[in-house]
Structures are given as structure tokens and as C-alpha cells.
Amino acid sequence: MDLYEHQARELFEEYGILVPRAEVADSAKEARASAARLGGRVVVKAQVKTGGRGKAGGVKFARDPAAAELTARQILGMDIKGHTVHSVMLAQPVDIDSEFYVSYVLDRSQGRFLAIASAEGGMDIEEVAATRPEAVVRMAIDPFEGVPHKKAAGIAAAAGLPASAADTLTALWSVLIREDALLVEVNPLVRTAQGQILALDGKVTLDDNASFRQTRWGAQGPADRHEADELEAAAAAKGLNYVKLDGEVGVIGNGAGLVMSTLDVVAGCGARPANFLDIGGGASAQIMADGLSVILSDPSVTAVFVNVFGGITACDAVADGIVRALESVRLTKPLVVRLDGNNAARGRAILDERAHPLVEQATTMDGAARRAAELAHAA
Ligand SMILES: Nc1ncnc2c1ncn2[C@@H]1O[C@H](COP(=O)(O)OP(=O)(O)O)[C@@H](O)[C@H]1O
Ligand SMILES: [Mg+2]
């Protein structure tokens, strides 16, 4: 789970990292009152869980509380990369001398963490990394050794950050470890004209596997529901193992491994999977109907691929499930079904007999994926 900037800021502050004074507001009127409490001149910052807010017009200076109200009115409701702005953070402006980039991220392939740092932080770090990779320093971190002061000083020196940034690097490491984060990123970390090191923006991604012991952000309520994909919420309410993806081919399969390879095969056919959905071993009519209704309600889906390998749950039972699901769900998009394995012939016969005009069968996984991709693109 990603935290909002203001939540990351709150954590940083607790760990002794300097941050600008700030308040959160979800209306323009509140923004005005916050600005007044913060001394008048403020930065108004969209609170959405995506980066690049500055470039999208979601970070703006306001010279007094009246201007903060106006600016907040502009930013609230704005769409930034598909995220609607429901609240803003008002922060005291900082007199920036230079902007740096620092992050810690889990490097799964190495079984370690990686410190990434650059003296050229700010809004264009991706561009710096792409065009001048030598300006971005990466150092492996042994999770058991962590980032004691000496290591932090080494990272700062290698990246060309001021030596005084070392304490911040050590404190950030504590945030990562004690909060069970997979990523902690500060961009920009700044040196002020007065020589102080401050975190002006923060991104923290928590490890969901540790949420049982990190209960603090668990009950976020409505603030978090804004961001949660509505489809995922609907699927979760039905107990489905569903993850929304960006494509146009809806995918249903039995077994996580099969579904993962289905996503690959769909991608291999030049289409993009719209979701991951594992209906597991049961594949009852109810689960099939629930899964179909979630997938069909995704406006980006233009075709659906049901990929089943019958094992303990035989294909005829799955076919029965599909036929009964079609009684309660109105099929509005083409459905390609591939049944293989235990009782595949009987399963296919059941679907042939039902002869739904939008349901097609294919005998192989590759063939079915190609057909689904074709139908998705034709739509
Ligand atoms: N409190 C602040 N005082 C001064 N400048 C700020 C402040 N917060 C952000 N900025 C400036 O705005 C830029 C973009 O803000 P940031 O919070 O990093 O948003 P994003 O990374 O989403 O664009 C920063 O690089 C910094 O130059
Ligand atoms: Mg930033």
C-alpha cells in the first residue's frame, strides 16, 4: 500500500527528519484557514498517490490565505494521471538552495535493499536517470547491517550530497525497517539557503504482508477508498482473487499459476490483459457469475478469455458453472473459453449445447488467447 505524501511526511517527522510545517484540507475554505495558521504564504499540494504532481499543475504556490483558497479550489477535483484529487496539503514554503534525490528500495533479485541517491533531484529525476545514469548512485544495503552513520556518510559522499544529509539517510532507513516499507523515497530532499536538510516530498510503499502488525494506516476509511479501484473493491466484496490491470482482455482462470501464464500468453498475442482473476479450484456457478460480472463491468474490457485446466474440478463442472452464470449475468462482450484436462470433452459439449452467440471455444491456450486478442481488437 502506498501512503499519501502527508502520511509519509508525518512518519518522517516522527523519525526526526526535518519537514515543512503542513496541514491537510479537503475543501478550499479549510485550505484558507490552514494557510492562515501556517503564516499566509504556502505551497498547495494535491494529495494523490502518484508522482509528477508538480508537472501536472498539482503543486502551486499561494502568497496569502485568499490565494490558497483559490488555488485549492483549482486543484481539488483535478485529475492527475487518473487519480482524482480529494484533498490538498498546505505546506510552508522552503527557501531551496539545492534539490537531491534519495530512496531505499527492496531489490528482490539480490535479496537486498538498494540505496539510490542523486545530487540532481527534483522533478526530472527519471530523465536524469535515463540520460545521465552516472549522476545517480546505487549502493546495495545488507538488510542486517542497515544504514549506520558510516554507511550513510558513504552514500552521501558518493552521490555528491552534503555530509549533513547522512543523519537523514540513517533516519530514512529506520522508517523503512520499522514501518515495514518496501520503498521510501524523498524527492526532493533539499538543502535550504540556511543550510538545513529537509524532506519536501515523500513516497512510502508499505509491505502489505506486514499489515497485520502495521495497523496504523489500516483503517484509513473513506480517504483510502477514493483511490482504491472500484472494480477491485467490488471483487474483494465478493471474495474474489482479482487484480485490475491496464489492458482490454478480461481473464478468468483456475489456479494462480495458470492465470499468470494466461496473462503472458495474452500479452504474447499482442493484446493486454485487463485483470488477473483466479477462481480457484471450486469454479462454482456463483464464482463464475461473480467473476464475469466484475470483468464485464470494466469499461476497458472488450473480450473475455476463460482458461480452465480441469483437475480435481472437472471441466464439465466448470462448463455447468459457465452455463448457469450466463443465466444471471448478461453477457455483453465476446467470451472465449478454453477447457482442457479432466472431462474436457464433456465440458465442451455442454457449452456447444448452450450455443450462446457470444461464447466461442478454442482447444488450445494459445489459440484461445489469439482469438480473444483478435476479438478484443475488433471491438
Ligand atoms: N514546501 C515547499 N517549499 C518549496 N518548494 C516546494 C515545496 N514543496 C514542493 N516544492 C517544489 O515543488 C516541486 C514539486 O513538488 P513535489 O512535492 O516533489 O511533487 P511531485 O514530485 O509530485 O511533482 C519540488 O521539486 C520543489 O521544487
Ligand atoms: Mg517529488
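What's counted below: heavy atoms across the whole structure, side chains too, no hydrogens, waters or symmetry copies. Every value quoted in this text rests on a predicted model; they were computed, and no experiment measured them. As the structure lists them, so they are numbered: ligands from 1, and atoms in each ligand from 1.
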Undergrad: Going from CD on Glu5 to NZ on Lys49, what distance comes out if it is rounded to the nearest 0.5 angstrom?
TA: 13.0 Å

Undergrad: Just need the protein heavy atom nearest to atom 25 (O) of ligand 1, so name the residue and atom and give the distance.
TA: Glu99 OE2, 3.1 Å

Undergrad: For ligand 1, which part of Tyr101 has a heavy atom less than 4.0 Å away: the side chain, the backbone, both, or neither?
TA: neither

Undergrad: Pull out every atom of ligand 1 sitting under 4.0 Å from any heavy atom of Ile96, numbered as shown with elements.
TA: 4 (C), 5 (N), 27 (O)

Undergrad: Dump the intermediate steps for side chain to side chain donor-acceptor pair (under 3.5 Å) on Asp97 and Thr192, then the final yes or no.
TA: CA-CA 5 Å; Asp97 169 59; Thr192 65; over 6 Å; no

Undergrad: Ignoring hydrogens and angles, tell me if any N or O in the side chain of Asp107 forms a donor-acceptor pair with the backbone of Arg112 under 3.5 Å.
TA: no

Undergrad: Is there a donor-acceptor pair closer than 3.5 Å between any side-chain N or O of Lys333 and the backbone N or O of Leu296?
TA: yes

Undergrad: Write out the residue and atom name of the closest protein heavy atom to atom 12 (O) of ligand 1, then the distance separating them to 0.1 Å.
TA: Val59 CG1, 3.8 Å

Undergrad: Under a 4.0 Å heavy-atom limit, does Val190 contact ligand 1 with its side chain, its backbone, both, or neither?
TA: neither

Undergrad: Which protein heavy atom lies closest to atom 10 (N) of ligand 1, and at what distance to 0.1 Å?
TA: Leu200 CD1, 4.1 Å

Undergrad: Distance alone, cut at 3.5 Å: any donor-acceptor contact between the side chains of Glu185 and Tyr104?
TA: no

Undergrad: Have a look at ligand 1 and work out which part of Val43, if any, has a heavy atom under 4.0 Å from it: side chain, backbone, both or neither.
TA: side chain

Undergrad: Nearest to atom 22 (O) of ligand 1 by heavy atom, Arg21, Lys45, Arg53: which?
TA: Arg53

Undergrad: Starting at NE2 of His356, measure out to CG of Leu335 and round the result to the nearest 0.5 Å.
TA: 8.5 Å

Undergrad: Which pair of non-hydrogen atoms, one from Met1 and one from Asp208, has the smallest distance, and what is that distance?
TA: N-OD1, 2.7 Å

Undergrad: Tell me which N, O or S atom of Asp201 sits nearest to the Mg ion (ligand 2).
TA: OD2

Undergrad: Do me a favour and list the nearest non-hydrogen protein atom to atom 1 (N) of ligand 1 with residue, atom name and distance?
TA: Gln92 O, 3.1 Å

Undergrad: Should you measure from each heavy atom of Pro93, which atoms of ligand 1 turn up under 4.0 Å away?
TA: 3 (N)

Undergrad: Before you tell me yes or no, could you show the steps for Lys55 and Asp124 under salt bridge (Lys or Arg N to Asp or Glu O under 4.0 Å), namely the whole-Å CA-CA distance, both residues' side-chain angles and the distance that decides it to 0.1 Å?
TA: CA-CA 10 Å; Lys55 285 195 169 164; Asp124 291 315; 2.4 Å; yes

